[in-house]
Number of protein chains: 2
Amino acid sequence: MLSQKAKYAIKALMNLAVQEKGALVKTAVIAEQENIPKKFLELILIDLKRASLVASKQGVGGGYYLLRSADKISLADIYRLFDGAIALLPCASLRFYEPCKDCADENTCALRASLIAVRDQTLLALENTMLNQLVGQKKEVL
Amino acid sequence: MLSQKAKYAIKALMNLAVQEKGALVKTAVIAEQENIPKKFLELILIDLKRASLVASKQGVGGGYYLLRSADKISLADIYRLFDGAIALLPCASLRFYEPCKDCADENTCALRASLIAVRDQTLLALENTMLNQLVGQKKEVL
DNA sequence: TTAAAGTCTAGCGATTTAGTAGGATTTTAT
DNA sequence: ATAAAATCCTACTAAATCGCTAGACTTTAA
């Protein structure tokens, strides 16, 4: 399950995704429109900024905007940023790999092999789900 | 990520899965072989029993055994039992469904629709991963 | 009837989560 | 210059969850 933080991040990004290109949105506005505690949202936006998903402008008339287009931001990006590894165990994780203490031989561990397969499937789903889909933007007719 | 409890459960079930049919294994033996704190394992086994994945016999010579064959127990079964919903949000969950408070109309929510699609993919992976695969039992040559 | 096993309830310490508080810093408008 | 508007930063806290332990109780076989 997504943490509340990740859920808020998605909603904030969705809000930015529907803006006109180049428009700046203030934290306070996102907070109100998306029903997110403002101070909490500030922390989330800073995380998103550090990850280069959004950028900001300070001072009067400042705010946030998407740094990458909405069809280039995947659920996997957001998930990993706030909730960490996608795999079910660290030994099966791509980005957050850690060895099992109690595992005799990782290379012959059937559990690990299965969990890697599960991870690959999950990853496929998460990496193919883009922010613009989450927003439900009308797709162009092919 | 799996909770420690779920991980222990998998290991315990794997241990039972490699026993001869009808054999009883004591909690203490599983605990030692799989490096699981015994008292903690007891709780886990009771959960597994309540879920009808294993059964037990009390008293001298008692112990646990699989109630369902290892190719009929999926990762999804175990995950749900200990870690709950597979979907990323409750509104997208099959077995642990809960409506979003802040959602205007669930049926037109693009986020929900996407998360249901992700869930279906994840579910496919988890439901097709069976205990006997986790154990790495030799497959019969077809 | 006693020892060996599972069953049940309660609780505890550490960590994580969700959120708050308060101010520092940067930028713009006047 | 300076005041106002915005982001940025550090620290804290209450509540929940997690991983685990303790101890009493129940059932069964010998």
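Throughout, a chain's letter reflects where its sequence line sits, starting with A, and its residues are numbered from 1.
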Novice: Over how many whole Å does the gap from B/L24 atom CG to C/dG6 atom P extend?
Specialist: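 Roughly 9 Å, once rounded to whole Å.
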Novice: State which of C/dT20, C/dT26, C/dT9 makes the closest approach to the side chain of B/L43.
Specialist: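 My answer, after comparing the listed nucleotides, is C/dT9.
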Novice: Quick one: is B/Y8 getting a side-chain N or O under 4.0 Å of the D/dC20 phosphate, OP1 or OP2?
Specialist: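 For D/dC20, OP1/OP2 do have a side-chain N/O of B/Y8 under 4.0 Å.
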Novice: Any donor-acceptor pair under 3.5 Å between the side chain of B/K7 and the base of D/dG19?
Specialist: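 No, the side chain and the base share no sub-3.5 Å donor-acceptor pair.
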Novice: Given C/dC8, is OP1 or OP2 found less than 4.0 Å from the side-chain N or O atoms of B/R50?
Specialist: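 So the side chain of B/R50 is within the cut-off, an N or O lying under 4.0 Å from OP1 or OP2 of C/dC8.
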Novice: Under 4.0 Å: is that the gap between some side-chain N or O of B/K38 and OP1 or OP2 of D/dC20?
Specialist: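 Checking D/dC20 against B/K38, no side-chain N or O comes under 4.0 Å of OP1 or OP2.
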Novice: Would you indicate what B/L45 reaches in the nucleic acid, counting non-hydrogen atoms under 4.0 angstrom: base, sugar-phosphate, or nothing?
Specialist: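 The answer is nothing, as B/L45 stays clear of every strand by at least 4.0 Å.
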Novice: When the distance from CE of B/M1 to P of D/dC18 is rounded to whole Å, what number comes out?
Specialist: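 Going from CE in B/M1 over to P in D/dC18 covers 14 Å.
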Novice: Is A/K5 side chain donor-acceptor paired with the C/dG19 base, going by distance under 3.5 Å alone?
Specialist: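 For A/K5, whose side chain was compared with the base of C/dG19, there is no donor-acceptor pair (under 3.5 Å).
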Novice: Roughly, in whole Å, what's the span from CG in A/D47 to P in D/dC9?
Specialist: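 In whole Å, D/dC9 P and A/D47 CG are 11 Å from each other.
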Novice: Can you tell me how far P of C/dG23 sits from CD1 of A/I46, to the nearest Å?
Specialist: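 Answer to the nearest Å: 18 Å.
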Novice: Which nucleotide wins on minimum distance to the side chain of B/K39, given the candidates C/dG19, D/dC20, C/dC8?
Specialist: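 For the B/K39 side chain, the nearest candidate turns out to be C/dC8.
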Novice: Please determine whether any donor N or O and acceptor N or O are separated by less than 3.5 Å between the side chain of B/Q4 and the base of D/dC18.
Specialist: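 Looking at the base of D/dC18, it does not pair with any donor or acceptor on the side chain of B/Q4 (distance under 3.5 Å).
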Novice: Please check the phosphate of D/dC8 (OP1 and OP2 only) for any side-chain N or O of A/K49 closer than 4.0 Å.
Specialist: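 It does, given that an N or O in the side chain of A/K49 lies less than 4.0 Å from OP1 or OP2 of D/dC8.
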Novice: Over how many whole Å does the gap from A/I44 atom CD1 to D/dC8 atom P extend?
Specialist: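 Rounded to the whole Å, the gap is 14 Å.
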Novice: May I ask you to evaluate whether A/S3 reaches the phosphate of C/dT17, defined as a side-chain N or O under 4.0 Å from OP1 or OP2?
Specialist: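 No, because none of the side-chain N or O atoms of A/S3 sits under 4.0 Å from OP1 or OP2 of C/dT17.
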Novice: Please evaluate residues B/I116 and B/R119 with respect to the criterion side-chain contact (heavy atoms from CB on, under 4.5 Å), reporting the C-alpha separation (whole Å), side-chain torsions for both, the decisive distance (0.1 Å), and the verdict.
Specialist: CA-CA 5 Å; B/I116 286 178; B/R119 178 209 68 196; 3.7 Å; yes
Novice: Picking from D/dC20, C/dT27, C/dA4, which would you name as closest to the side chain of B/V60?
Specialist: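 Selected nucleotide: C/dA4.
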Novice: Would you say B/E32's side chain and B/V29's backbone share a donor-acceptor pair under 3.5 angstrom?
Specialist: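 No, because the side chain of B/E32 does not come within donor-acceptor range (under 3.5 Å) of the backbone of B/V29.
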Novice: In a table with atom names and distances, give each donor-acceptor pair under 3.5 Å that connects a side chain of residues 76-92 of chain A to protein atoms at least two apart or in another chain.
Specialist:
| from | atom 1 | to | atom 2 | distance (Å) |
| --- | --- | --- | --- | --- |
| A/D77 | OD2 | A/R68 | NH1 | 3.3 |
| A/D77 | OD2 | A/S74 | N | 2.9 |
| A/D77 | OD2 | A/S74 | OG | 3.2 |
| A/D83 | OD1 | A/S3 | OG | 2.6 |
| A/D83 | OD2 | A/S3 | N | 3.0 |

Novice: So which one's nearest nucleotide on DNA chain D is more toward 5', A/G63 or B/K57?
Specialist: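 Result: A/G63.
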Novice: Hey, what do you get for CG (B/L66) to CG (B/L53), rounding to the nearest 0.5 Å?
Specialist: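 The distance works out to 8.5 Å.
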Novice: In whole angstroms, how far is the C1' atom of D/dA11 from the CD atom of A/E42?
Specialist: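 My rounded result for the distance is 14 Å.
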Novice: Whole angstroms only, please: what is the CZ-C1' distance between A/F40 and C/dT17?
Specialist: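 So the CZ-C1' distance, A/F40 to C/dT17, works out to 7 Å.
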Novice: Please give, in whole Å, the distance from C/dG6 P to B/Y65 OH?
Specialist: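 The answer, rounded to whole Å, is 13 Å.
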Novice: Give a yes/no answer on whether the side chain of A/Y64 brings an N or O atom under 4.0 Å of OP1 or OP2 in D/dC8.
Specialist: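 Yes, A/Y64 has a side-chain N/O under 4.0 Å of OP1/OP2 on D/dC8.
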Novice: Output yes when at least one side-chain N/O atom of B/K26 is less than 4.0 Å from OP1 or OP2 of C/dA5, else no.
Specialist: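 The answer is yes; a side-chain N or O of B/K26 sits under 4.0 Å from OP1 or OP2.
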Novice: Just do the side-chain contact (heavy atoms from CB on, under 4.5 Å) check on A/L16 and A/Y64 with the steps written out, would you?
Specialist: CA-CA 8 Å; A/L16 295 179; A/Y64 286 92; 4.2 Å; yes
Novice: Can you see which heavy atom on A/S114 is nearest to which on B/L134, and at what distance?
Specialist: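 Where A/S114 meets B/L134 most closely, the heavy atoms are CB-CD2, 3.4 Å.
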